[in-house]
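Note sheet for the following structure.
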Amino acid sequence: MKASAALGCAAIMPHFFLPHPATMQANYHPEAIEKSVQHAWDEQQVFLAQDTSDKPKYYCLSMFPYPSGKLHMGHVRNYTIGDVLSRYHRMKGFNVMQPMGWDAFGLPAENAAMAHNVPPAEWTYANIDYMKQQLKLLGLGIDWTREVKTCTPEYYRWEQWLFTKLFNKGVIYKRTSTVNWDPVDNTVLANEQVIDGRGWRSGALVEKREIPMYFFRITQYADELLKDLDTLDGWPEQVKTMQANWIGKSYGCDVHFPYDQTSIGTDGVLKVYTTRPDTLMGVTYVAVAAEHALATQAAANNPALTEFIAECKRGGTAEADMATMEKKGMNTGLFVTHPLNGEKLPVWVANYVLMGYGEGAVMAVPAHDERDFEFAQKYNLAIKQSINVAGNAFSDAAWQEWYGDKAQGVCVNSDKYDGLNFQAAFDAISADLASKNLGAKKEQFRLRDWGISRQRYWGCPIPIIHCAKCGDVAVPDEQLPVILPENVVPDGAGSPLAKMPEFFECKCPKCGDDAKRETDTMDTFVESSWYYARYASPQCSTGMVDKAAAQQWLPVDQYIGGIEHAILHLLYARFFHKLMRDEGLVQGDEPFKNLLTQGMVIAPTFYREAANGKKLWLNPADVTVSLDDKGRATGAALTADGLPVVIGGTEKMSKSKNNGVDPQAIIDQYGADTARLFMMFAAPPEQSLEWSDSGVEGAFRFLKRVWKAAHDHIEQGLVAAYRAGELSAAAQALRLQLHQTIQKIDDDYGRRKTFNTAIAAIMELLNALAKFDANTAVERSVVQEVLEAAVLLLSPIAPHISDAIWAELRPDTRLHEQGFPVVDATALVQNEIDLVIQVNGKLRGSLRVAKDTDKATLETLALAHEAVQKLLAGVAAKKVIVVPGRLINVVM
RNA sequence: GCCCGAGUGGUGAAAUUGGUAGACACAACGGACUUAAAAUCCGUCGCUUAGGUAAAACUGGCGUACCGGUUCGAUUCCGGUUUCGGGCACCA
């Protein structure tokens with residue numbers, strides 16, 4: 001009573017005594033609020049991350065954007081999620097670092113350069129300026145002093161430095177690899193630039209070509225990359241599964257097939273790797289890649305085979321294309337011999353065997369491999385059963401599931417191995433191969449070494465000098481960085497750097513003779529593999545990272561980015577962390593403690609086909625879609641000319657498909673808080689989301705309601721928030737809901753990371769507040785308590801409006817200095833609860849009982865319930881199941 | 001083709017550990033306020049060729065992509081199918 005009396009006193013103070021500087025605006029004006037709040041944040045440097053602090057650190061990182069031109073909704077989603085988590089942790093007492101930067105090298109800059117005749121550097125820096133201003137409008141709590149741009153020499157010099165260290169160590173090596181070659185433009189094409197087997201600009205049929213490239217020996221770390229997945233408790237299972245499958249550790253056997261002297265004419269063995277050595281006795285042929293030495297030899301006097309090999313070399317290198325194309329082959333006329341029984345086996349050239357994978361040759365067991373089965377049927381090759389599953393009859397007429405089953409199968413038609421199961425046959429056959437020196441057990445990975453050479457201009461130069469005498473020499477530290485000239489416009493026909501003597505002419509660092517600088521640049525995945533570490537000390541001029549700063553900030557506590565990066569980027573970054581660890585630069589084995597994979601924001605795509613077959617992608621904003629009465633699209637037309645366009649798939653927003661939606665219009669019309677709130681309310685973060693702006697209005701309406709609720713309260717005069725005292729039932733119920741909401745939202749932000757449900761709970765709380773009539777001083781203090789908490793709960797998502805309302809509710813304090821609301825346990829106490837009554841699992845009624853009612857009483861009450869009696873109709877219940885706190889199910 | 005996900009009202013979604021399907025919103029419809037409109041506020045809102053009623057209320061039945069299984073009870077677990085999305089190593 002004492003407290004409420006004091007509050008009552010405050011409440012009846014005349015309005016002009018209150019320490020309230022100005023009357024609160026009656027209406028919500030986001031543009032003015034957001035501008036002034038952002039200005040205050042900047043002035044007070046609220047989001048500067050402290051390198052030294054008593055508080056625990058929280059490093060919250062969102063995947064940095066490629067500066068494509070404008071933000072799209074995927075960015076808004078990604079960065080709002082990061083900002084919500086950052087602000088929540090700040091309120092929870094953490095020293096938060098939320099940095100931002102630019103993944104600034106890449107192919108789109110070269111395309112834009114060619115289209116607009118402007119150097120990639122100029123285009124990129126202009127995009128960065130524009131997008132940075134857009135990010136600032138969103139009100140993200142970013143420490144901009146740590147901004148990093150990967151295309152600056154200050155950044156990429158350290159990448160070059162690490163390259164030279166790893167090259168000298170042997171972790172980077174050179175060999176040839178297959179690329180897409182455009183024979184008209186005389187240039188290497190990215191997979192994305194190969195459309196239906198043709199070059200995107202020239203329209204020429206693409207060919208495979210072997211060129212020298214530098215590789216990171218990531219396979220040396222394969223085992224560790226696989227094993228350490230088990231330590232990543234904060235990663236989604238889905239991502240860990242994908243990475244494990246990608247690394248693809250297999251237990252198998254190398255098998256050597258000795259050459260048949262008569263047909264091949266020389267000594268030698270054909271090497272293959274198999275995970276099914278138990279089927280070795282069922283091998284009926286071997287298949288080699290078009291580039292394999294045996295294929296070349298056989299083609300020498302065989303024009304048909306020469307033509308077939310040329311055909312195999314046509315088309316791109318993408319695995320999806322290889323896997324879905326029609327399987328074709330041709331006999332070489334050459335033979336190898338079976339390593340165990342000496343049988344002659346024909347050697348075929350097949351388009352599905354790739355030179356770059358393993359040995360460029362495979363053994364074929366048509367009876368027990370579906371792909372081999374189809375191939376053998378097509379070319380009338382022998383199908384020899386060597387495995388049987390009891391109770392089944394083998395027939396070479398059609399493939400059956402069990403043919404490939406290694407769990408139940410045992411060897412048949414396999415001489416001395418007959419009757420052995422998979423493991424026994426595996427062991428016996430590999431032992432016999434080893435004793436003949438024709439093979440051995442081997443663990444192998446699906447993961448291949450990472451080729452990083454790109455024959456492109458807008459990337460980090462590879463710091464290698466080619467000397468006729470000394471070979472490949474790493475550029476010495478004192479000559480780093482190798483600076484990329486920035487005033488170049490590429491023409492799409494080969495690498496510009498290779499045409500610039502002023503760039504490539506140099507002296508050998510070892511012998512001083514004239515030498516040639518490498519003109520390839522690095523894969524842009526290299527830059528994005530270590531930026532997270534650079535943020536700890538972004539201006540460090542003495543090394544890749546300042547070791548103390550890296551130790552202070554790493555690992556990243558929360559990483560947030562699109563699910564499309566689940567494999568490549570995240571695997572390369574994990575690999576780089578281990579490389580840097582082994583150089584003594586960072587500690588720990590993994591860079592990202594917790595990972596949140598954001599679902600794609602997808603949108604429909606529209607295009608028109610030009611006469612030459614090229615697709616011109618049209619932005620959804622410029623297209624009008626006609627719908628039937630069930631809301632299905634029946635057609636689409638360009639709004640400008642009314643002529644039809646083709647409807648493509650619904651895909652992730654991207655520059656290349658021109659289906660990105662710029663958030664600017666929403667920010668301009670409703671403000672950043674509405675844009676953020678709407679994006680977070682639309683779906684949980686991990687779910688993919690088809691973009692639609694219906695509902696933006698509703699998000700804005702909610703913020704207006706919050707503003708009005710605060711305004712109406714403040715108009716009546718401020719009071720201190722409720723502490724203790726007697727309450728009406730309605731006020732008690734409101735406080736119960738408030739503290740349940742605090743508890744729920746704490747869990748939603750902290751553990752579940754579902755912001756849509758947090759918003760729904762705040763909406764419900766405000767709906768309850770709207771229905772609550774505050775008549776007494778104590779009741780008004782409860783309203784003050786609810787409003788203060790609601791604004792704090794909302795602030796990670798809609799920080800500007802929250803900041804502004806807070807300043808009205810608590811005039812002498814600032815919202816960004818407040819902690820997260822604390823649950824009052826006494827408000828949560830309930831004496832009675834509602835239980836559901838089911839009969840046979842179907843809802844039939846409910847029961848309000850004292851909280852601690854025992855099980856036997858509950859059973860009796862349930863059986864006595866009117867609806868239950870009616871259904872039982874005098875028959876005794878078979879069973880009664882009581883789920884404490886939830887329900888009672890009567891089984892009859 | 002292979003690997004990983006997802007599918008719930010007209011729409012976005014919720015149901016957190018197997019326990020009340022559709023919270024919270026959007027759209028739509030009806031009403032209040034207004035000279036009018038906007039804004040705001042209130043109400044209705046899964047399907048039903050089942051019963052019930054003048055109309056409602058109400059009482060059933062069905063319903064979480066599809067087929068099957070486990071369970072007292074399945075949106076949730078298991079097997080299969082299907083559609084959509086992500087990745088497949090040079091888009092980032």
Side-chain angles (χ1 to χ4, degrees), chain A residues 63 65-66 68 103 106-108 111 179-180 188-194 236-239 241-246 248 316-325 352 356 371 447-456 523-525 528 562-569 571-572 597 599-600 602 630-631 649-652 654-656 678 681-684 686-690 692 694-699 701-702 704-705 708 744 747-748 751-752 754 756-757 759-764 767 770 834-844 846 878-881 883 886-887 889-892:
Chain A
M63 289 181 187
Y66 176 79
S68 55
D103 187 14
L107 190 58
N111 297 339
V179 294
N180 305 308
V188 176
L189 297 177
N191 284 336
E192 193 187 52
Q193 296 172 312
V194 179
E237 284 305 319
Q238 171 198 358
V239 174
T241 307
M242 280 192 268
Q243 291 214 351
N245 290 343
W246 183 264
T317 58
E319 190 191 295
D321 297 335
M322 304 300 293
T324 49
M325 72 186 175
Y352 62 85
R371 190 178 60 181
L447 181 69
R448 310 197 299 262
D449 276 340
W450 176 17
I452 52 109
S453 294
R454 299 290 180 268
Q455 300 66 45
R456 282 204 245 294
D523 181 359
T524 58
F525 272 124
S528 56
I563 184 67
E564 76 272 27
H565 296 293
I567 295 174
L568 292 180
H569 162 62
L571 188 66
Y572 292 146
T597 45
M600 304 280 84
I602 57 179
K630 283 184 180 151
T650 304
E651 297 175 44
K652 71 167 171 172
S654 72
K655 181 114 184 139
S656 60
F678 171 63
F681 189 52
E686 305 209 278
Q687 194 159 310
S688 74
L689 176 66
E690 186 166 349
S692 154
S694 74
V696 176
E697 195 72 44
R701 202 144 53 208
F702 171 67
K704 281 197 286 190
R705 282 201 356 252
K708 186 171 182 300
K744 179 194 167 42
D747 190 43
D748 280 352
R751 179 184 63 90
R752 295 215 303 156
T754 54
N756 55 333
T757 51
I759 294 166
I762 302 173
M763 286 174 168
E764 284 176 272
N767 290 345
D834 289 307
L835 290 184
V836 158
I837 295 184
Q838 295 183 337
V839 176
N840 288 342
K842 281 196 174 133
L843 174 70
R844 296 296 173 186
S846 70
K878 271 192 204 145
K879 183 155 49 153
V880 180
I881 288 158
V883 182
R886 283 204 184 266
L887 58 74
N889 186 17
V890 178
V891 184
M892 56 180 281

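Just so it is clear: chains get the letters A, B, ... in the order the sequence lines come, proteins before strands, and each one is counted from 1. In what follows, every heavy atom counts, from backbone to side chain, and hydrogens, waters and symmetry copies are set aside. The model shown is predicted, which means the values in this text are computed figures rather than measured ones.
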Picking from [options], which would you name as closest to the side chain of [X]?
X	options	value
A:L568	B:C88, B:G86, B:C24	B:C88
A:I881	B:G19, B:A92, B:G1	B:G19
A:L689	B:A89, B:C90, B:A13	B:A13
A:A318	B:G86, B:A89, B:A13	B:A89
A:E192	B:C90, B:C26, B:C91	B:C91

Record whether the side chain of [X] comes under 3.5 Å of the base of [N] through a donor-acceptor pair of N or O atoms.
X	N	value
A:K708	B:U40	no
A:R751	B:U16	yes
A:Q838	B:C72	no
A:N245	B:C3	no

Legend entry - Spacing of A:E651 atom CD relative to B:C91 atom P, expressed in whole Å: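 Taking CD of A:E651 and P of B:C91, I get 15 Å after rounding.
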
Inset, instruction - Can you tell me the distance, in whole Å, between the CE atom of A:M763 and the C1' atom of B:A14? - result: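 These atoms are roughly 13 Å apart.
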
Using nucleotides 67-71 of chain B, report all nitrogen or oxygen pairs with the protein that are shorter than 3.5 Å.
none

Inset, instruction - Compute whether any side-chain donor of one residue and acceptor of the other, for A:S846 and A:D834, lie under 3.5 angstrom apart. - result: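 On atom types as modelled, these side chains do not qualify, holding no pair under 3.5 Å.
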
Inset, instruction - Determine whether the side chains of A:N180 and A:T317 contain a donor N or O and an acceptor N or O closer than 3.5 Å. - result: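 Checked: A:N180/A:T317 side chains pair up, N/O donor to acceptor below 3.5 Å.
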
Inset, instruction - Kindly label the base of B:G9 as syn or anti, based on whether its glycosidic torsion lies within 90° of 0. - result: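 In terms of base orientation relative to the sugar, B:G9 is syn.
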
Inset, instruction - Looking at every strand, decide which applies to A:V188 at a 4.0 Å heavy-atom threshold: base, sugar-phosphate, or nothing. - result: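 Base contact.
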
Integer angstrom distance from the [atom1] of [N] to that of [M]:
N	M	atom1	value
B:A32	B:U48	C1'	33 Å
B:U40	B:A55	C1'	31 Å
B:A56	B:C45	P	13 Å

Inset, instruction - Report yes if some heavy atom in the side chain of A:R705 is under 4.5 Å from a heavy atom in the side chain of A:N767; otherwise report no. - result: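 The answer is yes, as the side chains (C-beta and beyond) meet within the 4.5 Å cut-off.
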
Inset, instruction - Just jot down the salt bridge (charged side-chain N to carboxylate O under 4.0 Å, His left out) partners of A:E690, sequence neighbours excluded, or say none. - result: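 If we apply the salt bridge (charged side-chain N to carboxylate O under 4.0 Å, His left out) test to A:E690, skipping adjacent residues, there are no hits.
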
Legend entry - Watson-Crick and G-U pairing of RNA chain B written in dot-bracket, each distance under 3.5 angstrom, with | for inter-strand partners: (((((((..(((......[....))).(((((.......))))).(((.((......)))))..(((((..]....))))))))))))....

